[in-house]
Trainee: 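This is the structure I want to talk about, given as structure tokens.
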Number of protein chains: 2
Amino acid sequence: MSQTLRHPEILEIARRDGKVTVERLAAHFGVTLQTIRRDLTDLAEAGRLDRVHGGAVLPSGTSNIGYEERRALNADTKRAIARACAADIPDGISLFLNIGTTTEAVARELLHHRDLLVVTNNMNVANILAANTDCEIVVTGGQLRRADGGLVGPLATGTIRQFKFDCAVIGCSALDADGDLLDFDIQEVSVSQAILRQSRRTVLVADHTKLSRTAPVRIASLADLDAMYSDADLPEKLAADCEGWATEVVRSWVVDDAGPSWQEPG
Amino acid sequence: MSQTLRHPEILEIARRDGKVTVERLAAHFGVTLQTIRRDLTDLAEAGRLDRVHGGAVLPSGTSNIGYEERRALNADTKRAIARACAADIPDGISLFLNIGTTTEAVARELLHHRDLLVVTNNMNVANILAANTDCEIVVTGGQLRRADGGLVGPLATGTIRQFKFDCAVIGCSALDADGDLLDFDIQEVSVSQAILRQSRRTVLVADHTKLSRTAPVRIASLADLDAMYSDADLPEKLAADCEGWATEVVRSWVVDDAGPSWQEPG
DNA sequence: CGCAAGTTGTTTGTTTTCGTAAATGTTCGA
DNA sequence: TCGAACATTTACGAAAACAAACAACTTGCG
């Protein structure tokens, strides 16, 4: 019973993307398809993955299917945004991460940060960051929303009001042309607003799909935030507005990280 | 006796990169492969790293693994206890489930109950019961304990004080001959005591292994509870005490519901 | 100086892993 | 239902990684 250096990384990729393919992993590690198949067989026997034709998926028993699909959607894009956001987060601060697949991606990029105090109302974020033993995790209370593992309601806002964060990373369902952050659930909006009030620095993470959607409840304006991270350029007028509001706009590009993984770190 | 200077640095590199290779370390330190192998063997024996072919990786969730093993331990017994407990829980009530593998088993047996309001400080319980769409789930806030997904601390007790439960199901680490419930973590004890204060009916779930163990912090006495569910008969004196305290003792038996086990013909 | 304990480099034979290739299974469209 | 394309399993030899034993070296001490 011997492990392989690849196994942990395969699991990480699987958790990140929800699935892995033999072909892609072989290209990623620079080994043959057979070798990857052997790895997947081992991991499946250990119950860490479920083997499927052409690859493997996370073992069933993890939550909501619709949610998993949504998370897999634009996974590369979200990761790129999350990486840019995480790069601007220093070690040792207090940080809030709220509901949303993009904020979860940020959590994944924070796995090697140290001495963070992370407060979240997202059970998935808590689960992800539990792997980072160098940071403390606090979960707000609240009513569990099955769709995405979010905790909302007065318990959540009440907990948040007991903190003051160095930084808050929030997501939203839509971002309209006026620079207003919008969401579907009024309870979640209350939580987001409480977060904004309790934070020294607030940043938005939102991929380009948010720009072409709309939602009924207003959270705040980009004018109220310190920065936003996205994978697309903002419409010209909104970009100008942000400049006027002193809201930093960080544009990230998707990089294909499927290349060899053993580039020597400096 | 000088400890090897390389060991701390190897661990640091491992934490930074998640993994180390024999080859890279040998080049880094300017020593032979054998020497690095000896270092890695030492570190693996000390439990600081997991040895793999070609290098070593961070021990993946040492605490988590211990937990998984603990959960698998006596799974049949715990399910039997949980089934008896769940059978006495009517639909439509408010219910608290706290930390513990046995309470998680109770959650699994509640998957077909209806109209429950379940409050828990156990992330695993919340994840399990999320599958039951006929009940509402509230998670208390608190500091995340990686070992078992428990939420503890003042946030947890504060949340609990905002409720009044029809029933609370609690576990404990040990149950001594005097009928005292004991635990290891004083924070968790505070939570359990808060739960007991806020509940109309309180029950304990504990398998027989709890009777032969001990722990330092006292939660309460069986005299303060309404019922206990176990898989073993209590010692004679304690059983008599429970009768005097009007504490109902429910003894359950393991039934093999796994169907016939595999029998190869011929 | 000599000795003992500890560490490292070298050599040896064994175990594990990996790539190749052929045989067997699976998927999917006609 | 059939067949082609793709995926998987199986087997085997080569290469890499391994553990164990021993020699050379350093260090600490009387």
Trainee: Could you state the CG-P distance from A:Asp39 to C:dC18, rounded to the nearest angstrom?
Mentor: 7 Å
Trainee: Could you please name the option among C:dG9, D:dA17, D:dT9 that lies closest to any side-chain atom of B:Val31?
Mentor: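 From the listed options, C:dG9 comes nearest.
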Trainee: Hey, which of these two, A:Gln34 or B:Gly30, hits DNA chain C nearer its 5' end, going by closest nucleotide?
Mentor: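 First, find each residue's nearest nucleotide; the 5'-ward one identifies B:Gly30.
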Trainee: Within this structure, what is the CG-to-C1' distance between B:Leu25 and C:dT8, rounded to whole angstrom?
Mentor: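 The distance from CG of B:Leu25 to C1' of C:dT8 comes to 16 Å, rounded to the nearest Å.
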Trainee: Round to the nearest Å and state the distance from A:Phe29 atom CZ to C:dG19 atom P.
Mentor: 12 Å
Trainee: Determine the sole option in A:Ile36, A:Val20, A:Ile13 for which the side chain to side chain contact (heavy atoms under 4.5 Å, CB included) test with A:His28 is passed.
Mentor: A:Ile13
Trainee: Against A:Arg145, only a single residue in A:Asp185, A:Asn122, A:Asn121 fulfils side chain to side chain donor-acceptor pair (under 3.5 Å); can you say which?
Mentor: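 Result for side chain to side chain donor-acceptor pair (under 3.5 Å) with A:Arg145: A:Asp185.
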Trainee: Among A:Val169, A:Val125, A:Thr140, A:Thr103, exactly one meets side chain to side chain contact (heavy atoms under 4.5 Å, CB included) together with A:Asn98. Which residue is that?
Mentor: A:Thr103
Trainee: Rounded to the nearest Å, what distance is computed from the CG atom of residue A:Leu33 to the C1' atom of nucleotide D:dT10?
Mentor: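 It is 16 Å, rounded to the nearest whole Å.
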Trainee: Any side-chain N or O of B:Arg6 below 4.0 angstrom from OP1/OP2 of C:dT8?
Mentor: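 It does, given that an N or O in the side chain of B:Arg6 lies less than 4.0 Å from OP1 or OP2 of C:dT8.
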Trainee: For the pair made of CZ in A:Arg37 and P in C:dT20, what is the distance, rounded to whole Å?
Mentor: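 From A:Arg37 CZ to C:dT20 P: 13 Å.
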Trainee: Hey, which sits more toward the 5' end of DNA chain C by its nearest nucleotide, A:Thr35 or B:Thr32?
Mentor: B:Thr32
Trainee: State whether A:Arg114 and A:Asp91 are salt-bridged, where the test is any N-O pair (Lys NZ or Arg NE/NH1/NH2 against Asp/Glu carboxylate O) under 4.0 Å.
Mentor: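 Looking at A:Asp91 together with A:Arg114, the answer is no, because their closest N to O distance does not fall below 4.0 Å.
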Trainee: I want to check one thing: is the phosphate of D:dA7, taken as OP1 and OP2, less than 4.0 Å away from some side-chain N or O of A:Arg51?
Mentor: no
Trainee: Report the distance from atom CG of A:Leu5 to atom C1' of C:dT16, rounded to the nearest whole Å.
Mentor: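 So the two atoms are 13 Å apart, to the nearest Å.
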Trainee: Send over the distance from B:Arg38 CZ to C:dG6 C1', rounded to a whole Å.
Mentor: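 Result: 11 Å.
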Trainee: Rounded off to whole Å, could you give me the NE2-to-P distance for the A:His53 and D:dT8 pair?
Mentor: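 After rounding, the reported distance stands at 5 Å.
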